[in-house]
Number of protein chains: 2
Amino acid sequence: MFELDIRSRQPIYEQLVEKMKELIIHEVWKPHEQLPSVRQLAKEVTINPNTIQKAYRELEHQGYIYSIPGKGSFVAPQSPSVSQEKATMIKQQTLKLLCEGLYLGIAKEELLSLVETAEQLVKGAKTND
Amino acid sequence: MFELDIRSRQPIYEQLVEKMKELIIHEVWKPHEQLPSVRQLAKEVTINPNTIQKAYRELEHQGYIYSIPGKGSFVAPQSPSVSQEKATMIKQQTLKLLCEGLYLGIAKEELLSLVETAEQLVKGAKTND
DNA sequence: CTAACTGTATTAGTAATTATAGTACACATC
DNA sequence: GATGTGTACTATAATTACTAATACAGTTAG
């Protein structure tokens with residue numbers, strides 16, 4: 001299910017967080033969909049359940065999933081309150097990257113078109129219901 | 001010259017890299033301008049010279065400065081060859097962030113305006129010659 | 001050449017992180 | 001009650017990251 005690089009300097013749990021976030025953002029995993037259990041996923045990728053749980057804990061902390069003891073972990077719907085904080089962070093980081101890109105000589109138009117691409121990627125997923 | 005947070009979980013050298021990159025990107029430091037020496041800067045911020053050098057090494061690796069043993073370290077001019085690789089990386093990262101932003105509910109128009117803001121920040125610096 | 005400055009390399013020690021293992025607890029479902 | 005779920009806790013080994021101290025080599029000015 002996931003391709004993990006054990007010998008990467010990037011921790012396994014971080015790789016998991018990134019890949020799962022993408023699946024959620026692009027709505028491959030829909031809101032309220034149940035994720036594999038920590039033990040089941042640990043078996044599949046043959047790593048320790050604690051590592052999975054660390055990834056889930058991080059995803060829950062970032063607001064991308066929610067967990068119910070005894071039941072399982074599920075994709076979180078978008079809650080505007082949490083999103084606003086994150087949105088501010090995202091905008092700050094994006095602005096920084098955009099400045100760097102412009103400095104490196106990327107055309108303004110190219111950066112504008114990135115927004116269009118992103119929109120299609122995200123919206124495209126949503127229309128595939 | 002720099003405000004560093006010693007007790008931050010973000011390493012000192014990373015803080016240095018970020019702040020210096022911003023100075024270069026916004027052209028507070030111009031191409032071929034000499035940077036403070038590792039020892040001099042180490043004295044100013046009262047940290048180990050090696051930490052400064054690690055930051056400089058990273059900046060050089062990223063193509064933002066160049067160093068000449070015995071002479072000093074200087075702001076690198078933009079070399080299209082190196083920039084192209086970095087541009088690709090920047091675009092990938094930006095696209096990722098944009099998708100995340102859209103998913104969180106940030107309006108497309110708001111993201112587009114970020115590009116304008118970035119342009120003014122970078123161009124604004126350049127016109128201040 | 002000497003002295004004082006530059007960047008650089010090596011080594012070492014400490015601290016932080018990471019992944020694993022084992023155990024235990026509480027809740028849900030059948 | 002048995003099983004599967006998330007969660008918590010401790011412990012430990014291994015690795016990595018970070019900083020520091022020292023030494024080396026090139027440049028420049030006197």
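In the text below, chain A, chain B and the rest are named by the order of the sequence lines, each starting its count at 1.
- Side chain of B:S113 to backbone of B:E110: a donor-acceptor contact under 3.5 angstrom is found.
- The interatomic distance linking B:I52 (CD1) with D:dC18 (P) rounds to 15 Å, in whole Å.
- Using a 4.0 Å heavy-atom criterion, one finds that A:Q34 contacts no nucleic acid atom at all.
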Do A:F74 and A:I65 pass the side chain to side chain contact (heavy atoms under 4.5 Å, CB included) test, and can you show the C-alpha distance, the side-chain angles, and the key distance before you say yes or no? CA-CA 5 Å; A:F74 308 86; A:I65 71 173; over 6 Å; no

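- Minimum atom distance to the side chain of B:I12 is reached by D:dT19, of the listed C:dA21, D:dT19, C:dG7.
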Each nucleotide N or O in nucleotides 8-13 of chain D that has a protein N or O under 3.5 Å away: list the pair and distance.
none

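- Both tests hold for B:K54 against B:Y13: distance to the six-membered ring centre under 6.0 Å, angle to the ring axis within 45°.
- Atom CD of B:Q10 has more than 12 heavy atoms from other residues, nucleotides or ligands within 6.0 Å.
- Taking atom NZ on B:K54 and atom C1' on D:dA20, their separation rounds to 12 Å, with Å as the unit.
- In terms of position on DNA chain D, the residue among A:S37 and A:R7 whose nearest nucleotide sits closer to the 5' end is A:S37.
- OP1 or OP2 of D:dT7 lies within a sub-4.0 Å distance of a side-chain N or O belonging to A:S67.
- Across the protein-nucleic acid pair, A:L35 atom CG and D:dG6 atom C1' stand 12 Å apart, rounded to whole Å.
- Remark: the backbone N or O of B:K30 is paired with a side-chain donor or acceptor of B:E33 at under 3.5 angstrom.
- Rounded to a whole Å, the CG atom of B:N48 is 6 Å from the C1' atom of D:dT19.
- Distances shorter than 4.0 Å separate some side-chain N or O of A:T51 from OP1 or OP2 on C:dT20.
- Each of B:R39 and B:I47 lies near DNA chain D, and the nucleotide nearest B:I47 is the one positioned closer to the 5' end.
- When the shell of 6.0 Å around CD of B:Q84 is examined, it contains 12 or fewer heavy atoms from other residues, nucleotides or ligands.
- Across all strands, A:Q10 comes closer than 4.0 Å to no nucleic acid atom at all (heavy-atom distances).
- Rounding to the nearest 0.5 Å places CG of B:L102 at 5.0 Å from CG of B:L111.
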Between protein and nucleic acid, restricted to nucleotides 27-30 of chain D and to nitrogen or oxygen atoms under 3.5 Å apart, what atom pairs and distances do you find?
unit_1: D:dT28; atom_1: OP1; unit_2: B:K71; atom_2: NZ; d: 3.1

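- Distance A:L4 CG to C:dT20 P: 10 Å, rounded to the nearest Å.
- For A:Q62, the CD atom counts as densely surrounded, since its 6.0 Å shell holds more than 12 non-hydrogen atoms of other residues, nucleotides or ligands.
- The phosphate of C:dA19 (OP1 or OP2) has no side-chain N or O of A:Y13 nearer than 4.0 angstrom.
- Distance A:E60 CD to D:dG6 C1': 9 Å, rounded to the nearest Å.
- Each of B:R9 and B:Q40 has a nearest nucleotide on DNA chain C; the 5'-most of these lies closest to B:Q40.
- Atom NZ of A:K108 is separated from atom CG of A:L98 by 12.0 Å, given to the nearest 0.5 angstrom.
- Between the CD atom of B:E58 and the P atom of C:dG7 there is a distance of 17 Å, rounded to whole Å.
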Show your reasoning for whether salt bridge (charged side-chain N to carboxylate O under 4.0 Å, His left out) applies to A:E18 and B:K96. CA-CA 11 Å; A:E18 280 193 13; B:K96 213 169 182 177; 3.6 Å; yes

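- Nucleotide C:dA19 holds its P atom 12 Å from the CG atom of A:D5, rounded to whole Å.
- In the set C:dG7, D:dA21, C:dT18, the nucleotide with an atom closest to the side chain of A:E14 is C:dT18.
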